[in-house]
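Notes follow the structure.
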2 protein chains.
Amino acid sequence: MPYTKKHKEQTRQKILQSAFQLFTTKGFDHITINEIMKNCQLTRGAFYAHFTNKASLYTESLKYAASKSKLSEFKENDISDKTWLKQLLDGYLSINHIKGVQPCPLGFLATDVVTRDPEAKLAYANAYDGMNKAIMAYAKSYTECNSDEILALTAMIIGAVAISRTLDDNKTINQLLSSCRQEAGIKLGGI
Amino acid sequence: MPYTKKHKEQTRQKILQSAFQLFTTKGFDHITINEIMKNCQLTRGAFYAHFTNKASLYTESLKYAASKSKLSEFKENDISDKTWLKQLLDGYLSINHIKGVQPCPLGFLATDVVTRDPEAKLAYANAYDGMNKAIMAYAKSYTECNSDEILALTAMIIGAVAISRTLDDNKTINQLLSSCRQEAGIKLGGI
DNA sequence: TACAATATATGATAAAGATCATATTTAGAA
DNA sequence: TTCTAAATATGATCTTTATCATATATTGTA
């Protein structure tokens, strides 16, 4: 009985993490299984001991990321102060986020996921739902916003990330991000 | 001297139109040159008499669409009434738009364009700039909005389109679109 | 109507990359 | 230390598709 189950599970998670980072920043079609495996010090062949194919890895990596997301953590905590909002805005709408540090799939894969299989789209939709729920929960404590206003707010935040990533000029990006931080802050009762 | 220049130009435009429709709805990597040509009753081989390669077709089709966009028309007209806003919101934030009728690349290609070459990104950035300018021009007449607020508004609108396309449930889509129409309408001085 | 130049179509090539089949390595247990 | 089953690596295959090379079709003009 070589290798402990723990070891395999750890390897699996390394692959998921690697895949998530690369898929979100480059998109499904621009990343090879080779690259994903190399990125976590493994090789192509090992892949198929863990996943059936590339498409399922994509879906699994989305689920994996959602399960580790800070957004869901926030939801569980009793939100007791406004630091959550500040963290959200400063983290999500930041140049660091745009450049790929802890990317959120909602903004990064908004177009990419459209052409994926139903499972992948479902994973994306669940993450989207989670984000809305988390912000709605916050808004309930601190604002008079109804859920429609939160839907629009979420679209703005995700849109800002998606658009920022298409732009080359950092000044333009910062202006966009700053505008959206400002608007979101106001809408959510101040930071 | 067979074929008039006009004929070649018309063929070129047919290809551009076909490419734009297919690229925007499916993304660069999920459309083959074959499909683009078949979609306008031509075949693969004819393609290279008009364009050097697939990447340049993508860029050209973005420019082509931008040049025909209603957004730029709006900018040129003296905006004399509020029908422009109504048309924008009802057209852009509509299920018809989401489903691919006259797709706008800003929402449809937000992620896709990130991995394209600099020329394609520039074409996208120009279209984005055009949209902002058009809405800013409108806002100047009808609201007290500053340009930062318009940047956030545009992000919301584009984000709403991008997210809607990822979702399968029409009810959810309509709710999102309706929320954003509502918010945008208020922000821009009522419809 | 026949020609010429260009547009279009067809067949060939070649590269990339997902997946499969097989070989090798690893580490825990006897 | 040796053995074994699972994990990992390597090599081979096969499909897809962009692009190239060549052949055919078209149409305005003489």
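Proteins come first, then strands; the chains are lettered A, B, ... in the order of their sequence lines, and each starts at number 1. Quick caveat: nothing in here was measured; it's all calculated off a predicted structure.
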D:dT8 phosphate, OP1 or OP2, under 4.0 Å from A:Thr11 side-chain N/O: yes

Partner set under side-chain contact (heavy atoms from CB on, under 4.5 Å) for A:Lys140, not counting sequence neighbours: none

Contacts of A:Thr43 that satisfy side-chain contact (heavy atoms from CB on, under 4.5 Å) - sequence neighbours left out: none

A:Met37 CE to D:dA7 P, straight-line distance once rounded to whole Å: 12 Å

Residues that B:Asp148 engages under salt bridge (charged side-chain N to carboxylate O under 4.0 Å, His left out), provided they are two or more places apart: none

Parallel, tilted or perpendicular, as decided by the 30° and 60° cut-offs, for the rings of B:Phe23 and B:Phe28: parallel

is_close_aromatic(A:Phe51, A:Phe47), centroid dist under 6.0 Å: yes

Show me the protein contacts with nucleotides 13-17 of chain D, counting only N or O atoms at under 3.5 Å.
none

When the side chains of residues 97-109 of chain B are checked against the rest of the protein, which donor-acceptor pairs come out under 3.5 Å, sequence neighbours left out?
| from | atom 1 | to | atom 2 | distance (Å) |
| --- | --- | --- | --- | --- |
| B:His97 | ND1 | B:Tyr92 | O | 2.7 |
| B:His97 | NE2 | B:Cys104 | N | 2.9 |
| B:Lys99 | NZ | B:Asn170 | OD1 | 3.2 |

Results of ring pair (Phe, Tyr, Trp, His ring centres under 6.0 Å) for A:Tyr64 - residues two or more places apart only: none

Interface residues of residues 40-49 of chain A with DNA chain C (non-hydrogen, below 4.0 angstrom): A:Arg44, A:Tyr48

Pairs where residues 41-51 of chain A contributes a residue and the test salt bridge (charged side-chain N to carboxylate O under 4.0 Å, His left out) is met, not counting sequence neighbours: none

Whole angstrom value for the distance that separates P of D:dA6 from CD of A:Gln10: 19 Å

Protein-nucleotide distance (B:Phe51, atom CZ; D:dC20, atom P), rounded to Å: 16 Å

Partners passing side-chain contact (heavy atoms from CB on, under 4.5 Å) against A:Ser147 (at least two apart in sequence or in another chain): A:Met136

Selected nucleotide, minimal atom distance to A:Asn53 side chain, candidates C:dT8, C:dT19, D:dA7: C:dT19

Rounded distance (Å) that lies between atom P of C:dT25 and atom NZ of A:Lys8: 20 Å

Separation of D:dT19 P from B:Leu57 CG (nearest whole Å): 10 Å

Between C:dT10 (P) and B:Asn34 (CG): distance, integer Å: 11 Å

